[in-house]
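Inspection log for the structure reproduced underneath, given as structure tokens.
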Amino acid sequence: MSIGNTVSCAAAQDLVDICLELDILSTKTLSELGWDRSWSNSPDSRLPESVLISLWQEIDKHDKGRGLGLRIGQTINPNAKGLLASWVSQCSNLGEALEVFTNNLVLMNASENITVHRQDSLVSLTFNIASKQQYPTIAIERSMSAVMAWAYSLTGNELTIEKAEFSFPEPDYAHQFKQIFGHSIRFNASSNRISIKAQALELPIVSSNSLVKGIIQSKASELLSDIQGTSSTQEKVKKRIEERIKSSEPVSAELISASLGMSRQTLYRKLKEESSDFKTLFDQIRKEEAAKQLDRGVNLSSLSLHLGFKETSGFYKAYKRWFGHSPKAVSRDQTKN
């Protein structure tokens with residue numbers, strides 16, 4: 001599985017949470033569907049899109065699943081806030097936020113698409129999910145409902161819907177649509193579309209911060225490169241390891257493979273195809289980081305913890321293997337100088 005066939009964990013985390021809360025799916029069923037809790041370890045973690053589709057299809061079969069897409073969309077969960085949502089939260093106004101969101105939706109789910117069309121005083125948002133992926137109707141309901149919830153969360157203003165159209169027949173829970181989209185609703189339409197006043201795009205984002213936006217945008221660009229397959233598996237793994245070491249987070253093949261949206265076995269196989277392996281890459285990065293930090297005079301005990309060694313003695317042994325001498329010798333030389 002390539003990272004291009006994955007979706008953001010943010011696209012599934014709130015879905016999983018509410019299903020557990022309502023007892024729609026058990027932890028056992030989630031596991032059988034392929035859900036792995038480790039996927040939610042970081043905002044840019046990825047999971048196979050097939051798992052998300054299976055989750056939606058299983059929920060769609062359940063009696064409690066009726067209208068659940070609308071409910072999930074209305075739920076803003078800070079713990080399920082992915083990279084794209086974080087980026088959008090720092091935009092200056094709703095118009096910029098929509099532009100960033102629609103242009104970079106691949107960060108969340110490449111199968112989803114939202115087109116924005118402006119005509120006179122109205123702006124329409126048309127929602128599509130690739131039909132070949134076999135998402136049920138409740139998935140598109142969630143997407144449309146979520147845009148409304150996020151618009152309110154970002155601006156503090158409820159959007160007035162001029163018209164809402166849905167391509168599917170009117171369900172028996174149509175009253176829930178009126179609560180979210182107003183009374184100008186049409187089912188069996190040619191597309192899934194929301195129309196709002198164009199002036200709403202000028203609403204400021206309450207959490208806007210241009211500096212933070214720049215940082216998140218840079219991170220998002222890196223992930224986009226990964227998704228679009230412009231880096232080798234080795235490069236992706238090395239980058240993930242470096243990031244976790246830098247932030248003093250634990251490093252393991254399980255955690256790294258989860259962040260890349262693949263199983264540990266798949267990671268091992270891909271690295272083998274590139275004549276590499278996880279242990280060697282991890283060891284190499286530790287070696288480079290050790291030399292760099294010792295040059296800066298970092299305390300040996302602190303460096304040992306920074307590199308993820310459980311015992312300082314383990315770091316000493318690794319250092320001697322890397323460089324042929326004890327790190328104490330380097331430390332002593334620096335003290336003399």
Side-chain angles (χ1 to χ4, degrees), residues 1-13 16-17 27 30-52 79-83 219 222-223 225-227 229 231-294 298 300-322 327:
M1 176 193 70
S2 70
I3 197 168
N5 295 324
T6 63
V7 298
S8 166
C9 280
Q13 187 63 57
V16 169
D17 289 344
T27 53
L30 287 171
S31 179
E32 291 172 348
L33 292 173
W35 174 255
D36 187 330
R37 292 179 63 183
S38 68
W39 283 326
S40 58
N41 286 330
S42 64
D44 60 345
S45 290
R46 314 287 298 179
L47 70 145
E49 185 181 10
S50 59
V51 174
L52 178 63
N79 296 323
K81 191 175 181 180
L83 192 61
K219 177 70 174 177
E222 292 179 6
L223 182 56
S225 294
D226 283 352
I227 293 172
S231 301
S232 67
T233 302
Q234 289 184 69
E235 292 172 334
K236 294 172 185 176
V237 169
K238 289 173 68 175
K239 184 174 69 176
R240 292 293 195 279
I241 293 174
E242 289 167 352
E243 289 171 349
R244 297 190 73 87
I245 287 178
K246 184 177 181 180
S247 58
S248 299
E249 296 179 1
V251 175
S252 69
E254 288 79 5
L255 292 172
I256 299 300
S257 60
S259 73
L260 293 173
M262 62 181 75
S263 68
R264 185 181 62 177
Q265 290 76 15
T266 299
L267 175 65
Y268 286 165
R269 177 177 57 78
K270 286 182 173 291
L271 288 175
K272 186 176 181 180
E273 290 172 355
E274 296 177 9
S275 301
S276 184
D277 62 82
F278 182 83
K279 184 178 179 181
T280 299
L281 291 176
F282 189 17
D283 196 56
Q284 177 186 343
I285 293 170
R286 274 175 156 177
K287 175 182 177 180
E288 293 170 356
E289 185 69 8
K292 186 191 307 179
Q293 295 299 330
L294 273 182
V298 175
L300 293 178
S301 296
S302 298
L303 179 54
S304 174
L305 290 173
H306 175 67
L307 295 176
F309 288 94
K310 294 180 180 179
E311 302 290 341
T312 305
S313 59
F315 167 59
Y316 280 29
K317 291 177 182 177
Y319 192 93
K320 191 168 184 179
R321 172 169 53 81
W322 294 330

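FYI, side chains are in, hydrogens and waters are out, and symmetry mates aren't considered; it's all heavy atoms of this structure. By convention here, the first residue in the shown sequence is residue 1.
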Notebook entry, point to check: Ion pair present between Lys238 and Glu235, side-chain N to carboxylate O less than 4.0 angstrom?
Noted result: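 Not counted as a salt bridge, because no side-chain N and carboxylate O are separated by less than 4.0 Å.
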
What distance separates [X] [atom1] from [Y] [atom2], expressed to the nearest 0.5 Å?
X: Leu271; Y: Lys279; atom1: CG; atom2: NZ; answer: 14.5 Å
X: Ser8; Y: Leu83; atom1: OG; atom2: CG; answer: 8.0 Å
X: Ser257; Y: Gln265; atom1: OG; atom2: CD; answer: 8.0 Å
X: Leu255; Y: Arg240; atom1: CG; atom2: CZ; answer: 12.0 Å
X: Thr6; Y: Arg46; atom1: OG1; atom2: CZ; answer: 4.0 Å
X: Tyr316; Y: Glu311; atom1: OH; atom2: CD; answer: 12.5 Å

I want to check something: taking the side chain as every heavy atom from C-beta on, are [X] and [Y] in contact at a cut-off of under 4.5 Å?
X: Tyr319; Y: Leu294; value: yes
X: Arg244; Y: Ile256; value: yes
X: Lys219; Y: Glu243; value: yes

Note to self: If we ignore hydrogens and angles and just use 3.5 Å, is the side chain of Arg286 paired with the main-chain N or O of Ile245 as donor and acceptor?
What the structure shows: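 Side chain of Arg286 to backbone of Ile245: no pair is present.
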
Note to self: Under a 3.5 Å distance rule, please check whether Glu274 uses its side chain to pair with a backbone N or O of Ser232 as donor and acceptor.
What the structure shows: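 Such a contact is absent between Glu274 side chain and Ser232 backbone.
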
Which atom of [X] lies closest to which atom of [Y], heavy atoms considered:
X: Ala253; Y: Tyr268; value: CB-OH, 3.4 Å
X: Leu303; Y: Gln293; value: CD1-CB, 3.5 Å
X: Thr312; Y: Ser301; value: OG1-OG, 4.4 Å
X: Leu47; Y: Cys9; value: CD2-CA, 3.6 Å
X: Leu300; Y: Pro327; value: CD2-CB, 3.8 Å
X: Trp322; Y: Ala290; value: CZ3-CB, 3.9 Å

Next item on the list: Would you sort out whether Lys239 and Glu242 count as a salt bridge (Lys or Arg N to Asp or Glu O under 4.0 Å), showing the intermediate values?
Entry: CA-CA 5 Å; Lys239 184 174 69 176; Glu242 289 167 352; over 6 Å; no

Checklist line | Asp283 and Arg321: CA distance, side-chain angles, deciding distance, side-chain contact (heavy atoms from CB on, under 4.5 Å) verdict | finding: CA-CA 11 Å; Asp283 196 56; Arg321 172 169 53 81; 3.0 Å; yes

Note to self: For Lys272 and Asp277: C-alpha separation, side-chain torsions, deciding distance, then whether side-chain contact (heavy atoms from CB on, under 4.5 Å) applies.
What the structure shows: CA-CA 6 Å; Lys272 186 176 181 180; Asp277 62 82; over 6 Å; no

Note to self: Against the six-membered ring of Phe278, is Arg264 placed for a cation-pi contact (under 6.0 Å from the centre, within 45° of the normal)?
What the structure shows: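 No, Arg264 does not sit over the ring of Phe278.
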
